[in-house]
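Chain identifiers are assigned alphabetically (A, B, ...) following the order of the sequence lines, protein sequences preceding nucleic acid strands; residue numbering begins at 1 within each chain. Side chains included, hydrogens not; waters and symmetry mates left out as well; all remaining heavy atoms used.
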Amino acid sequence: MLKDTYCGDLRPADAGRAVRIAGWVHRRRDHGGLIFIDLRDSRGIVQVVFNPEDAASHAVAHRARTEWVLAVEGVVRARSAETVNPNMATGAVEVVPAAVQVLSEALTPPFYINEPVEVDEQLRLRYRYLDLRRPEVAKVIYLRHEVVRFMREFLYGRGFIEVETPTLIKSTPEGARDFLVPSRMKPGHFFALPQSPQILKQLLMYGGVEKYFQIARCYRDEDTRANRVAEHTQLDLEMSFVGQEDVMALIEELYTGIAQRFRPGALAATPFPRLDYADCMARYGIDRPDLRFGLELVDIADAVRTSQFQVFAGALAAGGEIKAIRIPGKADMTRKEIDELTEVARGGGARGLAYIGFTGAELRSPIAKFLSPEEVAGIRSRTGAEDGDMVVIVADQPAVVAKSLHEVRTELGSRLGLKDAGVLSFAWVTGFPLLEWRPEEERWDATHNPFCGFPESERALLDTDPGRAASYQYDLVCNGAEVGGGSIRINNRSDQERVFGLMGYTKEEQQDRFGVVLDALEYGTPPEGGVGAGIDRLIMTLAGTDNIRDVIAFPKASSGGDPLMGSPTPVDAAQLAELGLRLAEEPSR
RNA sequence: GGCCCCGUGGUGUAGCGGCCUAACAUGCCACCCUGUCAAGGUGGAGAUCGGCGGUUCGAAUCCGCUCGGGGUCGCCA
């Protein structure tokens, strides 16, 4: 080993020790006589002092430049009191070299490694190996490692075994678009990369594994977003002989542990609050609410049930809803703010955003003149509005009201500074419907996945009113993002066929797509369930970033390609021929 | 696929019709300097303003197309 100690680990207790350190020149301060070099490695930075009296070492220090790689043999020395740097972890010590070796010289890097400056993301990704040297980038990658290690150790300790599943699997047309991999052995046939190991982990349960987990890569060939990439990683987990509460308890313990370990004091509440799906939708308009703040949706339909105001009357007559959000102390919101909120509501599908500002005896509202005093009083009492409060209202179909007011609520959370980055507000959402109606396709579709089970009490509803049947699904949300979701699965063939049938699959289609599961269900299968929990988003939350690429060592760019490796690329005609493929059009450039 | 934003020395920005022979900071190079830690000082090199075309007497600046990047809707759990 060229080094026996990490630069970043040196402390006053090491004073007097002979050490061998090695790392990158982070910064160099040349005083003509004395030269200071801050040497950086994976654990941190330490100052090395070169004195002209040691001519050989001093000459190396004089030549050395940023990002050169040096090995230093020397002695750790406590700094004198007036030269201690309290801003550095190693600031009370320095290394006095006896011998210095240049392991590698370096070009001037294309961007700053030693300063936390915003750099064009594509440039960072193209030189990701340099970007990874930046302490603030390395920190997040290290955090990710520590979190995953925590998960592994937690699960090992509870009897889970880690099993790998294939990444070349069978394509299924539903869900997201598959990444396809052509088969050379069977031209014209394709593998797909898994969107998740869902079926495979169920088969592991059927195979008697009982407690499985995997840090699993999942692929979806869909457009990216700031928090969405084509390949993401999830903690995939499945357990046999359990019910919903068992899985939730395990996951809650895991995430509580992670939060306490990596963000001490940030946890808003334990145990995690439970929200029933219907209640959650009613109060927040979304199944993954940000619970760091209130601003809940309030149903005010009863207060205006007989209103002459066309917008309200029309919405109710069409089977719609009227809901409001009370914004404390914001009756004096500027016209511009109101317009901007209205735009947000329109983005959610609403045709407008009505408002009433309760400013003492006067009302600040363009709709007040259409409402009776009793109706205004009803709105006020239902929302709990006090003088100085603003109430914003959307009247429309339930889905529109939910979506638009959710977006207004989220926007208000940001504008009013209610999204405290120092808080982790976890919650469970349960009681999801098993199925939802797809009007365009005129069929039922699984809310979660088609293997999701349901309580015995719901069975009759599958025949009479499938949309009302509740499921054994549970989602874990945190600060407005879904961090994980799972279910207790169906574990008998007839129920599974029943659900597939409702989803509009013929027997043949069922057998073709899900025959493995259906057949396996006839050979003795345990009640089982599990979760899939997104790791990238969890790390984003813990690290406080809103860019998913920050938490991935080698991410794809937003445009879907990899600026580092230059992929994707065209391939040789010979490669295509071998696969039995012909291009419909020549690749551009 | 739609919409929005961005593209100026190595990096980050300013300039938004003639004062630009393109500015500032930092980095880079050289020299001076023995306790700094974003070291300091002096001097120097470095961009035809993503590309193409157009408008204009004149374009980094206006217009069109195009390429690249980011965000978002669609899509996606």
Side-chain angles (χ1 to χ4, degrees), chain A residues 26-40 45-54 58 61-62 65-67 77 79-88 90-92 94 96 106-127 130-131 134 174-178 195-196 198 218-230 232 234 287-288 346-349 403 407 429 432 436 445-449 452 473 475-477 481-487 531-534 537 546-549 557-561 563 588-589:
Chain A
H26 189 68
R27 227 183 270 281
R28 178 174 158 277
R29 292 176 294 281
D30 186 343
H31 288 227
L34 277 184
I35 299 174
F36 300 95
I37 285 182
D38 291 339
L39 202 63
R40 182 193 70 238
I45 295 170
V46 73
Q47 171 168 287
V48 184
V49 195
F50 296 83
N51 197 294
E53 287 157 25
D54 180 355
H58 190 266
H62 187 74
R65 290 293 180 271
T66 306
E67 297 309 311
R77 179 168 76 188
R79 298 199 201 177
S80 63
E82 65 276 13
T83 59
V84 166
N85 182 349
N87 301 318
M88 288 177 77
T90 63
E94 60 197 5
V96 181
L107 296 173
T108 302
F111 52 82
Y112 295 102
I113 289 166
N114 54 16
E115 281 179 49
V117 177
E118 280 290 315
V119 183
D120 177 68
E121 198 174 5
Q122 203 195 7
L123 191 68
R124 289 175 53 194
L125 293 183
R126 177 142 35 102
Y127 293 97
L130 299 180
D131 197 36
R134 303 168 80 199
E174 57 280 326
R177 194 179 296 113
D178 281 329
Q195 294 179 25
S196 83
Q198 182 61 39
C218 304
Y219 305 88
R220 294 178 308 216
D221 188 6
E222 299 291 351
D223 287 3
T224 55
R225 286 287 186 284
N227 62 359
R228 215 169 75 189
V229 278
H232 74 280
Q234 71 178 40
D287 60 3
R288 46 175 172 80
R346 287 215 174 94
K403 183 152 195 279
E407 286 178 13
V429 182
F432 285 82
E436 59 189 349
D445 194 13
T447 312
H448 174 55
N449 70 41
C452 183
Q473 181 195 342
D475 276 6
L476 182 62
V477 302
E482 185 192 326
V483 295
S487 62
V531 298
R537 283 188 192 175
D546 51 11
N547 181 346
I548 198 167
R549 284 165 243 118
S558 166
S559 48
S588 53
R589 303 189 337 119

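- Each side chain to side chain donor-acceptor pair (under 3.5 Å) pair with one or both residues in residues 45-54 of chain A, not counting sequence neighbours, appears once here: A/R29-A/Q47, A/Q47-A/E94, A/D54-A/S57.
- You'll find that the side chain of A/S559 is closest to B/G70, out of B/G70, B/C75, B/A77.
- Distances were taken from every side-chain heavy atom of A/R549 (C-beta onward) to each of B/C76, B/G71, B/C37; the shortest belongs to B/G71.
- Comparing atom distances between the A/M88 side chain and each of B/C37, B/G74, B/C28 picks out B/C37 as nearest.
- Of all nucleotides listed (B/C75, B/G35, B/U72), B/G35 comes nearest to the side chain of A/T83.
- The nucleotide whose nearest atom lies closest to any side-chain atom of A/R65 is, among B/C29, B/U36, B/U34, B/C29.
- Listed candidates were B/G35, B/G71, B/C75. Nearest to the side chain of A/R225 is B/C75.
- With A/R134 contributing its side chain and A/Y112 its backbone, the two residues share a donor-acceptor pair below 3.5 Å.
- Not one side-chain nitrogen or oxygen of A/T66 sits closer than 4.0 Å to the OP1 or OP2 atom of B/G27.
- Applying the salt bridge (Lys or Arg N to Asp or Glu O under 4.0 Å) rule to A/E436 yields the partners A/R438; only residues at least two apart in sequence or on another chain are considered.
- Residue side chain A/R79 reaches the base of B/U36 through a donor-acceptor N/O pair under 3.5 Å, judged by distance alone.
- With sequence neighbours excluded, the residues satisfying salt bridge (Lys or Arg N to Asp or Glu O under 4.0 Å) with A/D30 are A/R28.
- Scored by the ring pair (Phe, Tyr, Trp, His ring centres under 6.0 Å) test, A/H31 finds A/F36 as partners (sequence neighbours excluded).
- For A/R220 against B/C76, a side-chain-to-base donor-acceptor contact under 3.5 Å is absent.
- You'll find that the side chain of A/E115 is closest to B/U26, out of B/U26, B/C37, B/C75.
- Partners of A/F50 by ring pair (Phe, Tyr, Trp, His ring centres under 6.0 Å), not counting sequence neighbours: none found.
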Under 4.0 Å protein heavy-atom contact, by nucleotide of nucleotides 2-11 of chain B - B base, S sugar-phosphate only = --------BB

request  = Between protein and nucleotides 42-50 of chain B, map the contacts as a letter string: B base, S sugar-phosphate only, - none, heavy atoms under 4.0 Å, written 5' to 3'.
outcome  = ---------

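- Taking the salt bridge (Lys or Arg N to Asp or Glu O under 4.0 Å) definition, one finds that A/R228 meets it with nothing, sequence neighbours left out.
- Evaluation of the salt bridge (Lys or Arg N to Asp or Glu O under 4.0 Å) rule for A/R288 yields no partner, not counting sequence neighbours.
- Within 3.5 Å, no donor on the side chain of A/E82 pairs with an acceptor on the base of B/G35, nor the reverse.
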